[in-house]
Participant: 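Questions regarding the structure given below will be posed in turn.
We count ligands from 1, going down the list as the structure has it; atoms in each ligand are counted the same way. Keep in mind that this is a model prediction, so the values were computed, not measured.
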Amino acid sequence: MSNENQPAGYGAEVHVVDWESGIADARSGVRDPRMPSLAGATGFTEWMRTGWGDADRAPRAEAGAAEAARRHRNRLSAALPGRTLVIAAGRAQARVNDCFFEFRAHSDFLWLVGYGIEDGVLVLTPTAGGHDAALYITPPARPGAAAFHADSAHGELWVGPLAGAAEFADALDLRVQELDALAVADDALIAGSPVVGVAPGRVLGGRRRSNELARTLSALRMQKDAWELAELRAAVLHTVDGFAEVRRQIPRAVEQGGERWLQGTFDRHARTVGQAPGYASIVGSGANAPILHWVRADGAVDPDALLLLDMGVENRSGYTADVTRTLPASGRFNTAQREVHDLVERSHRAGLEAVGPGRDWRDFHVACMEVLAQGLSDWGLLPVSVDEALSPDGQQHRRYIVCGVGHHLGLDVHDCGASSYTQYFEAKMRPGMALTVEPGLYFHAWDETLPPELRGIGVRIEDDIVVTDDGIDVLSSGLPIDAAGLELWMASTL
Ligand code: GLY
Ligand code: MN
Ligand code: MN
């Protein structure tokens with residue numbers, strides 16, 4: 001088809017190199033000659049080579065992160081002596097062609113390196129006394145290289161000044177080389193010693209992820225050191241502040257904006273004081289409050305209903321909080337809401353009592369569930385006795401709480417999830433473990449086993465806890481857990 005208004009050559013079938021990014025695009029298509037390829041423009045290419053001054057390329061690693069990572073590498077080395085260990089950071093997920101979701105390094109990499117580096121690979125090679133550590137990175141494309149302006153993923157003109165081997169070596173106290181060196185070393189490395197690694201795609205593509213390494217790291221990460229606990233505490237304090245920000249916005253959200261306004265309020269706070277929310281923030285009003293993963297948050301905020309808020313700030317070192325409070329949007333619980341909240345509070349307190357050094361991991365789960373089952377039975381909601389409900393074959397009370405009541409917390413909101421069943425569920429609690437306790441009751445609006453006044457009530461109380469030498473430290477105690485305390489907090493936080 002021809003059109004006399006089209007420039008000559010328009011519509012020609014070519015193999016496109018995207019004129020904007022210079023990245024080869026496998027799709028064949030058409031090029032408009034009014035938008036010539038920069039790759040072919042020698043005048044531009046030459047002009048771009050020079051004339052660039054200095055830039056700040058120092059990675060912004062958190063204070064103490066490099067030292068903590070060195071200690072963590074030593075622990076891993078001792079746990080898997082004589083093995084070559086490969087841990088990759090991963091890479092950002094593409095949203096469409098060269099638009100990516102924000103990169104967040106794999107938590108094992110963060111734990112061992114102290115800083116997230118896209119495509120970074122840490123290799124621990126066994127030595128007589130332990131392991132040698134080397135970090136491999138994709139070199140950033142700097143002035144003088146065509147990729148500086150043509151590579152939209154690594155070109156500094158596109159993504160900003162980037163640390164290279166020298167800057168990372170300085171900041172992280174590690175030997176750092178370019179990834180190509182790893183590709184060269186790869187065969188020798190694998191021939192010499194068995195590899196257990198988190199497969200870093202491009203570099204060790206085809207080799208399987210090692211469950212042994214993942215499990216070992218998960219188990220080691222369960223026990224946090226003082227630096228990690230300080231990071232966790234800071235994340236929780238930021239989160240408590242975020243709850244206050246959200247509380248102040250409730251009247252505005254009732255008027256306009258609904259759940260999304262509150263979700264956006266917390267997420268902006270998390271993004272400003274930390275790195276990001278540590279997981280998709282849950283904001284559920286009324287009938288949405290009992291929906292465990294209500295991250296859609298596209299409902300209105302009902303001024304007469306409960307508002308369940310499950311939110312956590314992930315700070316810049318990667319450690320995240322995970323806190324839930326359930327508030328009456330009006331500032332005052334009605335009778336039914338208060339009764340449900342009181343029962344969950346009793347369960348929560350029983351759970352806290354069952355956490356401590358030397359306790360079985362399962363103890364707090366059992367303690368929380370016993371209180372909930374008894375309370376549900378007292379309200380006539382169980383079709384069987386409390387004992388039968390609590391028996392392994394019963395579990396009828398779980399209709400109103402199908403989720404667990406706590407988990408490890410750290411670099412991941414559900415931390416250490418690659419551990420074996422034994423390491424996780426059959427373990428004793430040890431000082432330095434961080435966890436949540438989070439019983440709740442979830443009375444869905446369409447659950448016909450419930451009396452009308454209970455339908456559409458969802459309550460969870462979630463605290464972040466550290467096991468200490470002689471008890472526990474509740475990091476999120478800045479937020480009350482009782483209905484009266486929450487009312488007072490709401491009144492004083494406006
Ligand atoms: N927000 C996820 C959880 O509480 O486990
Ligand atoms: Mn939570
Ligand atoms: Mn949780």
Participant: Using a heavy-atom cut-off of under 4.0 Å, does the side chain or the backbone of Asp322 touch ligand 1, or both, or neither?
Facilitator: side chain
Participant: What are the two closest heavy atoms between Gln275 and Asn315, and how far apart are they?
Facilitator: CB-O, 3.6 Å
Participant: Under 3.5 Å, is there a donor-acceptor pair between the Asp463 and His348 side chains?
Facilitator: yes
Participant: Could you tell me the angle subtended at the Mn ion (ligand 3) by NE2 of His407 and OE2 of Glu462, rounded to 10°?
Facilitator: 130°
Participant: Within a distance under 4.0 Å of any heavy atom of Tyr279, pick out the atoms of ligand 1 and give their elements.
Facilitator: 1 (N)
Participant: Could you tell me which N, O or S atom of Glu438 is nearest to the Mn ion (ligand 3)?
Facilitator: OE2
Participant: Considering residues, nucleotides and ligands other than Arg296, do more than 12 of their heavy atoms fall under 6.0 Å from its CZ?
Facilitator: no
Participant: Could you please compute the angle at the Mn ion (ligand 2) from OD1 of Asp322 to OD1 of Asp310, rounded to 10°?
Facilitator: 90°
Participant: Indicate whether the side chain of Ser317 and that of Glu231 have a donor and an acceptor atom separated by less than 3.5 Å.
Facilitator: yes
Participant: Show the atoms of ligand 1 that are less than 4.0 angstrom away from any heavy atom in His414.
Facilitator: 2 (C), 3 (C), 5 (O)
Participant: With respect to atom 1 (N) of ligand 1, which of Val413, Thr436, Asp310, Leu292 exhibits the smallest heavy-atom separation?
Facilitator: Asp310
Participant: So is His407 in contact with ligand 1, going by heavy-atom distances below 4.0 Å?
Facilitator: yes
Participant: State, without any angle test, whether Glu259 and Trp294 hold a side-chain donor-acceptor pair at a distance under 3.5 Å.
Facilitator: yes
Participant: Any side-chain donor paired with an acceptor under 3.5 Å for Asp267 and Ser281?
Facilitator: yes
